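Report on one structure; see the data block that follows.
These numbers were taken from a predicted model, which means no experiment stands behind them. Order of listing sets the numbers, starting from 1, for every ligand and every atom in it. For the numbers below, each heavy atom of this structure counts, side chains included, while hydrogens, waters and symmetry mates do not.
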Amino acid sequence: MSKIALVYGSSTGNTEKVAISIQNQLHEHQVDLYNVQNCGTEFYIDYKNIIFGVSTWGEGDLQDDWESYENKFLNIDLKGKTVALFGLGDQEEYSDNYLDAMGTLYDIVLKNGARVVGMWTNEGYEFNESTALRDGKFVGLALDEDNQSKLTNQRVTQWLGEILPSFG
Ligand SMILES: Cc1cc2nc3c(=O)[nH]c(=O)nc-3n(C[C@H](O)[C@H](O)[C@H](O)COP(=O)(O)O)c2cc1C
């Protein structure tokens with residue numbers, strides 16, 4: 001399998017912690033971590049496989065560093081790339097906007113030509129609305145460190161098992 005870029009943005013460290021855990025769980029593969037706050041646009045050329053991680057802030061907004069990066073991100077060519085997304089949010093406090101930022105990234109990566117893998121069940125979550133939910137499934141791995149932190153590791157492990165065969 002060719003190497004993986006894992007690009008994340010994180011305000012209080014939760015998404016960063018999950019990114020590091022993914023890198024550890026995939027220690028047999030080359031996973032290069034990038035904090036989006038330091039990212040340009042050129043490095044994507046080196047990768048066929050990309051994982052994006054984002055938390056949701058405000059009411060349904062992109063995490064701050066992702067928000068600063070959004071204009072550049074809108075112009076990245078992702079044709080020929082396989083992309084998987086994971087998102088962090090709080091389904092209780094922000095029940096009307098759970099993981100909306102993952103929905104925002106999904107729309108951009110699709111528009112930019114990526115093949116998106118790693119849809120995830122909505123069973124086991126309780127919330128009102130999410131733009132990350134399409135046709136009854138999340139567009140990527142749904143995590144909630146605020147209310148369901150005990151489930152994070154097993155969710156990550158299962159999801160990685162599902163997406164790895166799609167990474168060429
Ligand atoms: C002020 C504030 C606004 C938030 N807004 C949302 C939201 O709209 N939707 C959501 O799902 N989670 C929301 N959250 C929860 C965060 O996304 C969650 O705590 C996440 O784990 C933070 O990850 P990070 O530390 O990597 O940024 C909010 C949290 C705070 C403190």
Side-chain angles (χ1 to χ4, degrees), residues 4-27 31-40 43-44 47 49-74 76 83-111 116-160 162-163:
I4 301 168
L6 198 172
V7 183
Y8 69 91
S10 185
S11 294
T12 64
N14 290 339
T15 308
E16 181 169 51
K17 199 178 72 181
V18 173
I20 291 167
S21 159
I22 290 174
Q23 187 184 42
N24 289 337
Q25 291 199 33
L26 296 182
H27 62 272
V31 179
D32 299 332
L33 280 193
Y34 294 92
N35 188 323
V36 73
Q37 72 181 348
N38 307 317
C39 277
F43 72 101
Y44 292 102
Y47 298 91
N49 306 315
I50 310 168
I51 300 174
F52 292 113
V54 65
S55 52
T56 301
W57 284 83
E59 288 189 7
D61 299 335
L62 288 173
Q63 184 268 342
D64 277 356
D65 301 308
W66 269 111
E67 201 161 74
S68 303
Y69 187 66
E70 188 177 9
N71 279 339
K72 287 185 198 159
F73 195 57
L74 283 164
I76 289 164
V83 163
L85 304 166
F86 68 95
L88 279 82
D90 178 341
Q91 64 197 288
E92 286 185 15
E93 284 291 321
Y94 299 92
S95 185
D96 291 335
N97 301 93
Y98 179 50
L99 300 181
D100 279 5
M102 185 164 71
T104 303
L105 285 197
Y106 175 71
D107 289 332
I108 295 172
V109 299
L110 266 195
K111 191 179 87 40
V116 182
V117 299
M119 304 294 140
W120 185 252
T121 180
N122 66 345
E123 280 173 34
Y125 303 84
E126 266 188 57
F127 59 95
N128 288 333
E129 283 188 57
S130 172
T131 62
L133 201 63
R134 309 287 165 95
D135 298 324
K137 284 204 149 194
F138 285 114
V139 296
L141 176 63
L143 299 172
D144 184 341
E145 281 294 284
D146 297 280
N147 307 292
Q148 298 180 329
S149 61
K150 289 204 175 89
L151 299 178
T152 295
N153 252 343
Q154 81 187 52
R155 283 173 169 166
V156 168
T157 305
Q158 186 187 333
W159 182 71
L160 290 175
E162 290 174 17
I163 64 170

Restricting to side chain to side chain donor-acceptor pair (under 3.5 Å), what partner residues turn up for Q37, sequence neighbours left out? none

Start with the C-alpha distance between I22 and F86, add both sets of side-chain angles, then the distance that settles side-chain contact (heavy atoms from CB on, under 4.5 Å), and finish with yes or no. CA-CA 11 Å; I22 290 174; F86 68 95; 3.7 Å; yes

Please check if any side-chain donor atom of Q158 sits under 3.5 Å from a side-chain acceptor atom of E162, or the reverse. yes

Sequence neighbours left out, what passes side chain to side chain donor-acceptor pair (under 3.5 Å) with W159? Give chain and number order. none

Below 4.0 angstrom, N of the basic side chain to O of the carboxylate: do D107 and R134 qualify? yes

Contact residues of ligand 1 with a heavy-atom cut-off of under 4.0 Å? S10, S11, T12, G13, N14, T15, S55, T56, W57, G58, E59, G60, L88, G89, D90, Y94, N97, Y98, L99, D146

Could I get the full list of side chain to side chain donor-acceptor pair (under 3.5 Å) partners for N97, not counting sequence neighbours? D100

